[in-house]
Amino acid sequence: MNHHAPVSATADLIAREARLGAANYKPLDVVLTRGEGVHVWDVDGKQYLDCLSAYSAVNQGHCHPRILAALTQQASRLTLTSRAFRNDQLAPFYEEICALTRAHKVLPMNSGAEAVESALKLARKWGYQVKGVPDGAAQIIVCADNFHGRTIAIVGFSSDPGSREGFGPFPAGFITVPFGDAAALEAAITPNTVAFLVEPVQGEAGVIIPPAGYLKAARDLCTRHNVLFILDEIQTGLGRTGKLLAEEHDGVEADMTLLGKALAGGFYPVSAVLSNNEAMSVLHPGEHGSTFGGNPLACAVARMALKVLVDEDMIGNAARVGANLKGSLAAIAAPSVKDVRGLGLMIAVELHPDAGGARKVCEKLVTRGLLAKETHDHTIRIAPPLILTIEQADWIAEQFAAVL
Ligand SMILES: *Cc1c(COP(=O)(O)O)cnc(C)c1O
């Protein structure tokens, strides 16, 4: 009898990962080895359509050939200089991202959380130096059920116990109001309020779209009370909702806009704080920085990631195909479905609480070749790369219909 039954490559890799890695994720048991466009393949050669896009970091599709070329060309020329010296990719990156987003100033960082932290630092300093808030008294208003990253300051104002508990003490000066409630925002503003930080659509919370007029009302309140309006577009930005920035749906402009994730098409961590007002001018040499922020490889990759988004009409495609997919999903007459909502290709299917849970649905979708991830217990987020075709959208809807 063979006591050493052959272990599949998948099971072996999962076991080795579990033995050595921190257990801070609970991934679906699919081990991926290759990606191209909307598809990825596992170590057994099985193909999947990726409906997560690395939490919207691969909006341009996996291994986009033009971004890949930009990466390899720059990688063989110059990768990192630190900001102690200048590099020839930084100025064109600034020019191109500002032209595209109509921003006035850029602060380049790496991860999304770093962009958020940078914006919080800028807002506080602006509050003291420009608004005249007494030293140490600056307040920043955030929303309940936010997701802005994982640093200590950021999880300190999270309302998710799992993200927060056990990691204190936390920095003071953050006030939480309900998302989508302009009256609550107004009531929370004091003379010491320096900023209001909000996601245009709450992604991690389950694709929560605020009531119509909310962002406009928040923008007006911030203007009226001399409070910086900071939009975290790390997930909603760069075409995901069918506009370059989600703020465009409401016709508003933030004082600071945070980008990350798809800013480098999934090749590289690149984030940025974009600013439209004087907030950026409070920073002087030595007061903030990052070894990797603004490095030439990051800039070259981000430049091409932005270029293909526009050249290949991925934003328009997200609007068209997203509307189509949301319609097909909404037409699924399954009693387990409570709600289908979305903007562009940022879509959620919410199940009734007694439907057995979103995780089980995701596990069944995997067997049909569709990768999606539950957010919380009862919601499945659908956020495929923005190059999705109508035929592929129909196929996604068919898989959901079959499983639900
Ligand atoms: C992912 C995300 C972040 C954090 O980005 P990291 O690169 O993971 O640090 C912040 N805000 C929003 C809205 C996000 O979706």
Side-chain angles (χ1 to χ4, degrees), residues 24 55 107 109-128 131 133-210 214-215 217-219 221-222 225-237 246-247 254-261 271-273 275 279 288 375-376:
N24 55 331
Y55 300 95
L107 172 64
M109 298 296 287
N110 311 287
S111 67
E114 281 177 302
V116 174
E117 285 274 344
S118 303
L120 299 175
K121 287 174 76 176
L122 278 164
R124 283 180 166 186
K125 201 147 203 224
W126 171 87
Y128 301 128
K131 184 168 177 173
V133 172
D135 195 33
Q139 292 175 340
I140 293 172
I141 301 175
V142 300
C143 285
D145 302 317
N146 67 67
F147 182 83
H148 298 292
R150 299 291 195 168
T151 66
I152 284 181
I154 292 170
V155 301
F157 57 75
S158 168
S159 46
D160 170 35
S163 300
R164 184 188 153 87
E165 276 169 16
F167 300 122
F170 301 115
F174 296 96
I175 288 146
T176 304
V177 297
F179 180 65
D181 183 343
L185 170 62
E186 180 158 34
I189 294 174
T190 74
N192 292 340
T193 304
V194 298
F196 173 51
L197 168 66
V198 64
E199 299 154 83
V201 175
Q202 288 189 325
E204 296 312 293
V207 187
I208 310 297
I209 301 166
Y214 173 63
L215 290 183
R219 168 71 273 184
L221 285 170
C222 288
H225 294 278
N226 196 22
V227 166
L228 297 177
F229 183 51
I230 308 176
L231 284 179
D232 179 345
E233 295 239 24
I234 291 167
Q235 190 164 145
T236 55
E247 67 172 24
D255 296 309
M256 283 195 248
T257 300
L258 314 181
L259 294 180
K261 295 206 163 109
S271 67
V273 180
S275 173
H288 188 62
T375 51
H376 303 290

Enquirer: Would you say Glu247's side chain and Ala254's backbone share a donor-acceptor pair under 3.5 angstrom?
Expert: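 Answer holds: yes.
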Enquirer: How long is the straight-line distance from CH2 of Trp126 back to CG of Asn226, given to the nearest 0.5 Å?
Expert: 4.0 Å
Enquirer: Treating Thr257 as the side-chain partner and Leu231 as the backbone partner, does any N or O pair qualify as donor plus acceptor under 3.5 Å?
Expert: no
Enquirer: Short question: side chain of Ser271, backbone of Asn110 - any donor-acceptor pair under 3.5 Å?
Expert: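 Indeed, once roles are kept as given, a pair shorter than 3.5 Å links the two residues.
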Enquirer: For Cys143, which of Val198, Leu185, Asp232 qualifies under side chain to side chain contact (heavy atoms under 4.5 Å, CB included)?
Expert: Val198
Enquirer: Is there a donor-acceptor pair closer than 3.5 Å between any side-chain N or O of Lys131 and the backbone N or O of Thr193?
Expert: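 Checking the backbone N and O of Thr193 against the side chain of Lys131, a donor-acceptor pair under 3.5 Å is found.
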Enquirer: So that I can tick it off, tell me whether Asp135 and Arg124 are bridged by a salt bridge, with the cut-off set at under 4.0 angstrom between side-chain N and carboxylate O.
Expert: no
Enquirer: What's the spacing between Gln202 CD and Thr375 OG1 if we round to 0.5 Å?
Expert: 11.5 Å
Enquirer: Check whether any side-chain heavy atom of His288 lies under 4.5 Å from a side-chain heavy atom of Glu117, and answer yes or no.
Expert: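 No, too far: nothing below the 4.5 Å cut-off.
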Enquirer: A side-chain contact here means heavy atoms from C-beta on lying under 4.5 Å apart; do Ser275 and Leu107 qualify?
Expert: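 With C-beta onward as the side chain, the pair stays apart.
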Enquirer: Check the angle between the aromatic planes of Phe157 and Phe174 and answer parallel, tilted or perpendicular using the 30° and 60° thresholds.
Expert: tilted
Enquirer: Report yes or no: does Tyr128 contribute a side-chain atom to a donor-acceptor pair with the main-chain N or O of Ala138 at less than 3.5 Å?
Expert: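 At least one qualifying donor-acceptor pair exists.
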Enquirer: For the pair Glu199 (side chain) and Phe147 (backbone), establish whether a donor and an acceptor sit closer than 3.5 Å, ignoring hydrogens and angles.
Expert: yes
Enquirer: By the definition side chain to side chain contact (heavy atoms under 4.5 Å, CB included), identify the one residue from Asn192, Leu228, Val194 that meets it with Ile140.
Expert: Val194
Enquirer: Among Leu120, Ile230, Thr176, find the residue that satisfies the side chain to side chain contact (heavy atoms under 4.5 Å, CB included) test when tested with Val142.
Expert: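 Result for side chain to side chain contact (heavy atoms under 4.5 Å, CB included) with Val142: Thr176.
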Enquirer: Starting at CD1 of Ile154, measure out to CD of Glu114 and round the result to the nearest 0.5 Å.
Expert: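 So the CD1 of Ile154 and the CD of Glu114 are separated by 9.5 Å.
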Enquirer: Heavy-atom distance under 4.5 Å between the side chains of Ile208 and Asp145, does that happen here?
Expert: no
Enquirer: Taking C-beta and beyond as the side chain, do Glu186 and Asp181 meet within less than 4.5 Å on heavy atoms?
Expert: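 Result no, sub-4.5 Å side-chain heavy-atom pair not found.
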Enquirer: Which distance, rounded to the nearest 0.5 Å, do you find between the CD1 of Ile152 and the CZ of Arg164?
Expert: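 Rounded to the nearest 0.5 Å, the CD1-CZ separation comes out at 12.0 Å.
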